[in-house]
Participant: 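I'd like to ask you about the structure that follows.
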Amino acid sequence: MSQSAEKVDTFHGIEWFWNLGSEPIRFTVIQTTFGKARKYFKPIQFDVKTGVGVQRRLIDKWVNRLKNEMSKGKYTPCPAHATIEKIHFDKKIIQIHHRKIKITGSLEHPISLTDSQHRFAALEKLRNENFRLKDKVDQLPVVIQVSLNTDPVQDFINLQKGRPTDKTHVLSMKITKGLVEGNKENIYKNALKIADLLNTMKESPFYNQIKMETNSVGCIPLSSLIAENPSDISTSLLAAGRILQLTNRSPESITQTIIDTYHMMMKNSPE
């Protein structure tokens, strides 16, 4: 059956203007469901030979992490972004009349998703892996900001410019709010207590040197001291956090052992 014989979905919105710069940026906001959005808004991956598309290759680990967070109710819904191109105007897929916008879904000419590729992929994986979830996933509300007069490549590049949040800032919040993954919450909390003591005790070699969150003045990131990589675990405070969990020792006792060890090494092996 051809698309013209199929029932297609339509989306409606209002044309908005971002009036900074020489030419206003025009966009609209579409509110729909994932079941409809997935058919007409597609991540088109970049091909260097043809110059077509904008998206990177999917990162499976990222998709699986998002899928798991969504299924556990820990995902924060946020808008997607897409960009209208000349062909959508030429084919009357989008029509604008007195700021009222109508987008007619097209399977042949999908609108390029310039942001949210991994979120859409995670939802696809959820609906495909569990038949009982399919209808529930398809009914999830989706908000898409659609640019009307910009270049999809420029949009994609701009949307990647956001500065990542400081790893230490995120780590501190995850520990204090009990959002550490797996069953390691107490180990991380113990490690954080020891790091705080090392940072505040004057005899500590790390006195006022640990960056506990973004506003701290320390030069040693907490994320470096609480590392979980196999190559770092012997020098990570997570090891001390595990010892604290397995013994009756206090954070102060473990911290003092670290300080005493440092001073003993400086005394006996200053080089």
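What you see is a predicted model; the values in this text were computed from it and never measured.
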Participant: Between Arg127 and Asp135, does any NZ, NE, NH1 or NH2 come within less than 4.0 Å of an OD or OE carboxylate oxygen?
Facilitator: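 No, no charged N to carboxylate O under 4.0 Å.
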
Participant: Between Thr28 (side chain) and Ile14 (backbone), is there a donor-acceptor pair under 3.5 Å?
Facilitator: yes

Participant: Take the angle between the ring planes of His118 and Trp62 and call it parallel below 30°, perpendicular above 60°, tilted in between.
Facilitator: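 His118 vs Trp62 ring planes: parallel.
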
Participant: Is the closest side-chain heavy-atom distance between Leu148 and Ile96 below 4.5 Å?
Facilitator: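 A side-chain contact exists here, since the closest heavy-atom pair is under 4.5 Å.
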
Participant: I want to check something: taking the side chain as every heavy atom from C-beta on, are Ile259 and Leu198 in contact at a cut-off of under 4.5 Å?
Facilitator: yes

Participant: To the nearest 0.5 Å, tell me how far Ile103 CD1 sits from Lys92 NZ.
Facilitator: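 Interatomic distance, Ile103 CD1 to Lys92 NZ, rounded to 0.5 Å: 14.5 Å.
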
Participant: Indicate yes or no for a side-chain donor-acceptor contact from Arg119 to the backbone of Pro77 under 3.5 Å, with no hydrogens or angles considered.
Facilitator: no

Participant: In the structure I gave you, are the side-chain heavy atoms of Leu192 and Leu222 within less than 4.5 Å of one another anywhere?
Facilitator: yes

Participant: Is it true that, when you exclude Gln95 itself, more than 12 heavy atoms of the residues, nucleotides or ligands shown sit nearer than 6.0 Å to its CD?
Facilitator: yes

Participant: Are there over 12 heavy-atom neighbours, none belonging to Met265, within less than 6.0 Å of that residue's CE?
Facilitator: no

Participant: Short question: side chain of Tyr40, backbone of Asp9 - any donor-acceptor pair under 3.5 Å?
Facilitator: yes

Participant: So do Ser112 and Val54 actually touch side chain to side chain, heavy atoms under 4.5 Å?
Facilitator: yes

Participant: If I take atom CG from residue Leu244 and atom OG from residue Ser250, how far apart are they, to the nearest 0.5 angstrom?
Facilitator: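 Between Leu244 CG and Ser250 OG, I get 7.0 Å after rounding to 0.5 Å.
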
Participant: Please check if atom CZ in Arg99 has more than 12 non-hydrogen atoms from other residues, nucleotides or ligands closer than 6.0 Å.
Facilitator: yes

Participant: Check whether any side-chain N or O of Asn199 sits under 3.5 Å from a backbone N or O of Gln209 as a donor-acceptor pair, and report yes or no.
Facilitator: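 Yes, Asn199 side chain to Gln209 backbone: donor-acceptor pair under 3.5 Å.
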
Participant: Please report the interatomic distance CD1(Ile101) to CZ(Phe11), rounded to the nearest 0.5 Å.
Facilitator: 13.5 Å

Participant: Asn68 vs Lys74, test: side chain to side chain donor-acceptor pair (under 3.5 Å). Steps then yes/no.
Facilitator: CA-CA 8 Å; Asn68 292 335; Lys74 294 184 177 180; over 6 Å; no

Participant: So, do Ile187 and Leu238 sit near enough that their side-chain heavy atoms are less than 4.5 Å apart?
Facilitator: yes

Participant: Using atom types as modelled and distance alone, determine if a side-chain donor or acceptor of Ser204 lies under 3.5 Å from a backbone N or O of Phe206.
Facilitator: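 Present.
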
Participant: Is Thr114 reaching over with its side chain to a backbone N or O of Phe156, donor-acceptor style, under 3.5 angstrom?
Facilitator: no

Participant: Determine whether Asn158 and Lys161 satisfy the following criterion, side chain to side chain donor-acceptor pair (under 3.5 Å), listing intermediate values before the conclusion.
Facilitator: CA-CA 5 Å; Asn158 286 342; Lys161 288 180 179 178; 3.2 Å; yes

Participant: If you measure from CE on Met173 to CG on Leu179, what distance do you get to the nearest 0.5 Å?
Facilitator: 9.0 Å

Participant: Pick one: which of Lys102, Lys100, Arg26 meets salt bridge (charged side-chain N to carboxylate O under 4.0 Å, His left out) with Glu15?
Facilitator: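 Going through Lys102, Lys100, Arg26 one by one, the salt bridge (charged side-chain N to carboxylate O under 4.0 Å, His left out) with Glu15 is satisfied by Arg26 alone.
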
Participant: Should the heavy atoms of other residues, nucleotides or ligands under 6.0 Å from NZ of Lys36 be counted, would the total exceed 12?
Facilitator: no

Participant: Counting distance only, does the side-chain N/O of Thr168 pair as donor-acceptor with the main-chain N or O of Ser223 below 3.5 Å?
Facilitator: yes

Participant: What is the distance from atom CD of Glu69 to atom OG1 of Thr76, rounded to the nearest 0.5 Å?
Facilitator: 8.5 Å

Participant: Do Ser116 and His81 pair up side chain to side chain, a donor and an acceptor below 3.5 Å, judged on atom types alone?
Facilitator: no

Participant: Are Asn208 and Lys202 linked by a side-chain donor-acceptor pair shorter than 3.5 Å?
Facilitator: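 The criterion, which ignores hydrogens and geometry beyond distance, is not satisfied for Lys202 and Asn208.
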
Participant: Closer than 3.5 angstrom, by distance alone: can the side chain of Asp260 be matched with the main-chain N or O of Thr255 as a donor-acceptor pair?
Facilitator: no

Participant: When you check the gap from the basic side-chain N to the acidic O, do Asp90 and Lys86 get nearer than 4.0 Å?
Facilitator: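 Yes, charged N to carboxylate O under 4.0 Å.
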
Participant: Could you tell me if the ring centre of Phe120 sits under 6.0 Å from that of Phe34?
Facilitator: yes

Participant: If you apply the rule side chain to side chain donor-acceptor pair (under 3.5 Å), what do you find for Gln55 with Gln117, and how did you get there?
Facilitator: CA-CA 8 Å; Gln55 285 288 357; Gln117 173 185 218; 3.1 Å; yes

Participant: State the CG-CD1 distance between Asn64 and Ile59, to the nearest 0.5 angstrom.
Facilitator: 11.5 Å

Participant: Is a salt bridge present between Glu108 and Lys91, judged by a nitrogen-to-oxygen distance below 4.0 Å?
Facilitator: no

Participant: Hey, is the main chain of Pro152 close enough, under 3.5 Å, to the side chain of Thr83 for a donor-acceptor pair?
Facilitator: no

Participant: Keeping the roles fixed (side chain from His263, backbone from Glu203), state whether a donor-acceptor pair exists under 3.5 Å.
Facilitator: yes

Participant: So, Lys189 and Asn186: side-chain donor and acceptor under 3.5 Å apart, yes or no?
Facilitator: no

Participant: Quick one: do the Arg249 and Thr257 side chains pair a donor with an acceptor below 3.5 Å?
Facilitator: yes

Participant: Could you tell me whether the side chain of Ile84 reaches within less than 4.5 Å of the side chain of Phe89, counting heavy atoms only?
Facilitator: yes

Participant: Do Glu252 and Ile254 have side-chain heavy atoms sitting under 4.5 Å apart?
Facilitator: no

